[in-house]
Protein chains: 2
Amino acid sequence: MIDHDAPTPVYVQIGQIIAERIRSGELAPGRPVPSEKSMVQEFGVARDTARRAVAWLRAEGLVYTVAQRGSYVREG
Amino acid sequence: MIDHDAPTPVYVQIGQIIAERIRSGELAPGRPVPSEKSMVQEFGVARDTARRAVAWLRAEGLVYTVAQRGSYVREG
DNA sequence: GTGTATTTGTTCGTATGTATC
DNA sequence: CGATACATACGAACAAATACA
């Protein structure tokens with residue numbers, strides 16, 4: 001799943017996996033994306049890495065984050 | 001603000017800027033100095049460099065650091 | 001209304017790898 | 001070779017706001 005030896009940073013790999021779930025419709029607009037904690041568990045990474053993944057998704061314009069709530073798939 | 005081409009290391013330049021704020025009274029004794037993160041944002045450097053700046057300020061005896069809390073201007 | 005769990009926000013500590021000077 | 005600088009990654013601790021039983 002995650003390749004720590006790949007040239008692509010782990011946080012980008014995770015971001016791309018989530019992005020694929022969005023693109024495929026598995027994660028529909030308005031729906032919450034996995035929490036940092038669940039990403040830590042699912043991918044076996046540090047919270048720092050999970051946070052970077054979410055930040056990457058935000059930078060890609062795919063999600064938005066609400067403090068103390070979570071991140072959600074952007075509409076449109 | 002920061003001159004990456006100067007002979008003085010960037011972390012020292014930042015340390016001197018903070019030191020000046022302390023000397024001028026802008027940062028009073030007991031008050032927290034900017035966090036590593038805010039230094040990263042304000043000066044556009046890596047966290048590593050921000051940490052070196054704080055370490056420099058500690059070495060100069062101007063601040064002390066509390067884990068998971070921050071660094072503060074030394075009294076006296 | 002009260003407490004507990006969840007979730008993001010923020011902070012410093014540590015280590016590794018790469019590149020440059 | 002050593003110092004500097006950046007990027008990545010994991011760890012630890014606490015705060016604050018929200019959600020829920």
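These figures come from a predicted structure and were not determined experimentally. Reminder, nothing fancy here: chain letters follow the sequence lines and each chain counts from 1.
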Inset, instruction - Decide yes or no for B:D3 and B:Q13: does some side-chain heavy atom of the first lie under 4.5 Å from some side-chain heavy atom of the second? - result: yes
Legend entry - Side-chain heavy-atom pair B:S71, B:V66 within 4.5 angstrom cut-off: no
Inset, instruction - Can you tell me the distance, in whole Å, between the CE atom of A:M39 and the C1' atom of C:dT7? - result: 12 Å
Legend entry - Set of salt bridge (Lys or Arg N to Asp or Glu O under 4.0 Å) partners for A:E60, sequence neighbours left out: none
Legend entry - Close side-chain approach of B:V63 to B:I22, heavy-atom, < 4.5 Å: yes
Inset, instruction - Strictly below 4.0 Å, heavy-atom distances to any atom of DNA chain C: list the hits from residues 8-19 of chain B, or just say none. - result: none
Legend entry - Note, B:Q16 side chain near B:W56 side chain (heavy atom, < 4.5 Å): yes
Inset, instruction - Would you give a per-nucleotide map of nucleotides 12-21 of chain C, 5' to 3', where B means the base has a protein non-hydrogen atom under 4.0 Å away, S means only the sugar-phosphate does, and - means neither? - result: BBB-------
Legend entry - Helical bend (five base pairs per end, nearest 10°) for the helix from C:dT2-D:dA21 to C:dC21-D:dG2: 0°
Inset, instruction - Considering only heavy atoms of chain A and a distance under 4.0 Å, specify the first and last nucleotide of DNA chain D in 5' to 3' order that meet this criterion. - result: D:dT8 to D:dA19
Inset, instruction - Would you indicate whether the side-chain heavy atoms of B:V54 and B:M39 approach each other to under 4.5 Å? - result: yes
Legend entry - Donor-acceptor contact present, side-chain B:S24 to main-chain B:E20, <3.5 Å: yes
Legend entry - Counterpart residues, side chain to side chain contact (heavy atoms under 4.5 Å, CB included), relative to B:A28 (two or more places apart): B:R31
Legend entry - Polar side chain donor-acceptor pair, B:R58 to B:T65, under 3.5 angstrom: yes
Legend entry - Minimum side-chain heavy-atom gap B:L62-B:V73 below 4.5 Å: no
Legend entry - Close side-chain approach of B:M1 to B:I17, heavy-atom, < 4.5 Å: yes
Inset, instruction - Decide, yes or no, whether a salt bridge links B:E36 with B:R69 under the criterion of side-chain N to carboxylate O below 4.0 Å. - result: no
